[in-house]
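Structure first, commentary second.
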Amino acid sequence: MRGSGNRAPFSVASLVAATRILPPARDIAAPMPYPSGMTAATPFSPSSPLGDALVILGAAGVVIPLFARFRVTPVIGFILVGLLVGPYGLGRHVFDIPWLSFITISDPDSLKPFAEFGIILLLFNVGLELSFDRLWSMRRQVFGLGALELIGSALLMGFALAFMGERTTGALGLGMALSMSSTALVLPIAGTVTPVGRAALSMLLFEDLALVPTIFILGALAPHNGGGWEALLHTLGLGLAAVAALLVGGRYLLPPLFAQAARTKSPELFLATSLIVVITASLATAGVGLSPIVGALIAGLLIGETPYHGEVEGMTAPFKGLALGIFLITIGMSIDLAMVLRHWPMIVAATVGVVVVKASVTAILLRMSGARPGTATETGILMASPSESTLIVLSAASGAALIQPGTAQFWQIVTALGLTITPGLAWAGRRLARSVDAARPAPPPEAESDEPRVLIVGFGRVGRLVADMLRTHGKPYVAVDSDPDLIEGALRAGYNATFGDAAHGHTLQRLGLDRARTVILTMDEPIAAKRLVKKLRVSHPDLPIITRARDPIHAAALYRAGATLAVPETLESSLQLSEAVLVDLGVPMGFVIASIHEKRDEFREMIMAEGGLSEKPSLKSASLRERMP
């Protein structure tokens, strides 16, 4: 059994017995004695630490590329893996089906040290990203909107839990835990440049920053600290002193320390220095009664101010990803499926309650701050589920004896369910935001006239550039896009644009499709573009349709669908790059131009063959210029 220590000691008798199966040999040297605790033969066991490591690495090798293929965060995948291979999943059938022991983890407690290290590295990485300068530049949004969202959600859920019988301190801890949203899920979905992304980023930054004080307060409120307010003040004093010492000492010691490590040109030494700093800071805060992740976050903030933060982040990222994966696997392993089936109405009700409260608070605050209804709606729903930080705070609250282990397990299940449905919430938020914006009176486009004009479908960077060129030459146009944020920005910039979904026939008809001179499709959605081209060609056989294509293969498909001209965006950029490189390498310009024309002609022949055309298509835009004298 793993960890039992009941291994047979090394002896002469065992050696003699082992050599009986060997053929006789001459001049065999005397065997070297094995270190204490090792035997001559240690057979592989699926329940050993090596077997657990094999399951974890195998899970990482499957989960990360599989979920990346579908553009879904691996956080969900690791939780589902833990659910599958844990003692409440396939692990419960090991005694009946022995071979399942090769793909299950029977002892979750053996993974806890690695899971805790994953949390430490996660907070360290958060600190690397949260530089003091970045926080200062966003101080109004972070400490205004972010603080109101976190405190408002925490108070509402805390009051509700206290009303249902939870202790005041426990309700406070649960409210703070459940009010946090997932940085690891939200930012990859929303980005940081759209209105939704900027609003989410400001709230997530405050939540990441508030994680330290939250754990600080929960640890200080722990019953084992005893002594009431005196013990609380004592813990706060020691904690503040430790934090101050780390801030002051780290600011003066870390730059020369990492500079010396960098001078050695040794990646191993640089990585070891980084891990030593993280572990030392974590031990320092743990020694005064705080959570070790407090020290890890402070270490990340301090290293983030040095010129070496990029190198440190790159070197520690693989450890963080794998260790965090172990942490998420342990969360999945803690979910008792039998308990979920027995109490599924309560679990579903709790999940829905958390989502509704957080979405409502976030949307109301964003509307009060001047955000559009669509932006407020989408951001509120996207931020509505709990996060991986919720699991950290729940662990801290449980460790501080503020909530019972059963209560922590229940809300861990709710959190895991919330993390799993976050991509679905993002999709629902986008759809609902579009409906909300579509219900508003749309700003009218330029005055309608009988003059033929160009219809631009899709108003991203390509659509804007086309509109700029049309405006430069005084050609009338109208643009349409189903993204309300793009349309709002376009209207502020003075473009003639309107909100609508071109897939719906009435949208283009409303904009004058019957008298349009040309329709230009610029959206980066290959399937949607092909469908729209085919639909337009059936209804308007003589209408010039000029469309953006990703590559020559996509261009051929658009020609088959009925496009008048399909322009592959990757072709010309690749040819221009090749031309610049060849000229820079000293190839005569005449040879370069000839080879570029030859390569372009090869693509024209391929598109003609694939698209079923009677002649080679032009890959230039002269045809558009000829149609618009």
Side-chain angles (χ1 to χ4, degrees), residues 71 193 453-475 477 479 481 486 495 502 516-534 536-537 542-629:
R71 298 183 179 181
V193 296
R453 57 183 177 178
V454 176
L455 298 185
I456 303 175
V457 180
F459 210 60
R461 55 184 178 84
V462 178
R464 281 202 177 201
L465 181 57
V466 172
D468 288 335
M469 298 304 296
L470 291 172
R471 288 201 301 185
T472 299
H473 294 278
K475 301 300 180 181
Y477 74 91
D481 199 294
L486 288 178
Y495 290 96
R517 178 171 290 176
T518 303
V519 174
I520 303 177
L521 309 183
T522 68
M523 66 272 207
D524 187 19
E525 299 176 15
I527 296 178
K530 180 181 176 181
R531 290 175 178 172
L532 185 56
V533 167
K534 187 178 296 185
L536 290 174
R537 181 55 65 214
D542 299 325
L543 176 68
I545 304 173
I546 302 173
T547 179
R548 166 190 181 186
R550 281 192 175 180
D551 50 41
I553 296 177
H554 183 215
L558 291 171
Y559 276 118
R560 288 196 301 270
T564 307
L565 178 63
V567 182
E569 59 181 349
T570 59
L571 175 58
E572 286 302 320
S573 60
S574 301
L575 293 177
Q576 290 180 26
L577 284 172
S578 302
E579 179 181 344
V581 170
L582 291 172
V583 171
D584 189 62
L585 292 175
V587 180
M589 178 62 75
F591 292 155
V592 173
I593 293 176
S595 62
I596 292 295
H597 283 308
E598 181 180 352
K599 180 60 67 174
R600 183 182 288 113
D601 200 56
E602 290 179 9
F603 281 112
R604 292 175 63 199
E605 291 180 356
M606 186 196 74
I607 294 174
M608 182 181 71
E610 294 288 337
L613 304 178
S614 58
E615 60 182 13
K616 296 179 183 179
S618 172
L619 299 182
K620 302 279 187 176
S621 58
S623 57
L624 174 60
R625 188 167 58 250
E626 293 167 358
R627 289 189 184 93
M628 303 184 63

Arg471 to Tyr495 six-membered ring, cation-pi geometry met (6.0 Å, 45°): yes
Rounded to the nearest 0.5 Å, how far does [atom2] of [Y] lie from [atom1] of [X]?
| X | Y | atom1 | atom2 | result |
| --- | --- | --- | --- | --- |
| Ile545 | Leu536 | CD1 | CG | 5.0 Å |
| Ile596 | Phe591 | CD1 | CZ | 14.5 Å |
| Arg560 | Arg537 | CZ | CZ | 15.5 Å |
| Lys599 | Ser574 | NZ | OG | 11.0 Å |
| Ile520 | Thr564 | CD1 | OG1 | 11.0 Å |

What closest approach, in Å, do [X] and [Y] show between heavy atoms, and which atom pair accounts for it?
| X | Y | answer |
| --- | --- | --- |
| Pro526 | Arg550 | CG-NE, 3.5 Å |
| Ala563 | Thr547 | CB-CG2, 3.8 Å |
| Pro568 | Ala555 | CG-CB, 4.0 Å |

Go through Glu579 and Met589 one step at a time and tell me if the side chain to side chain contact (heavy atoms under 4.5 Å, CB included) criterion holds. CA-CA 9 Å; Glu579 179 181 344; Met589 178 62 75; 4.3 Å; yes
Using side chain to side chain contact (heavy atoms under 4.5 Å, CB included), reason through His554 and Leu558 one step at a time and then give a plain yes or no. CA-CA 6 Å; His554 183 215; Leu558 291 171; 3.8 Å; yes
Can you tell me if Leu582 has over 12 outside heavy atoms packed within less than 6.0 Å of its CG? yes
Are there over 12 heavy-atom neighbours, none belonging to Ile527, within less than 6.0 Å of that residue's CD1? no
Charged N to carboxylate O below 4.0 Å: is that the case for Arg548 and Glu569? yes
Side chain to side chain contact (heavy atoms under 4.5 Å, CB included), paired with Ile456, selected from Asp481, Val466, Val519, Leu521: Val466
Can you list the steps and then say if Leu532 with Met523 is a side chain to side chain contact (heavy atoms under 4.5 Å, CB included)? CA-CA 11 Å; Leu532 185 56; Met523 66 272 207; 3.9 Å; yes
Side chain to side chain contact (heavy atoms under 4.5 Å, CB included) assessment of Tyr559 paired with Leu565: CA-CA 7 Å; Tyr559 276 118; Leu565 178 63; 3.5 Å; yes
When you measure from the side chain of Thr522 to the backbone of Gly458, do you find a donor-acceptor pair of N or O atoms at a distance under 3.5 Å? yes
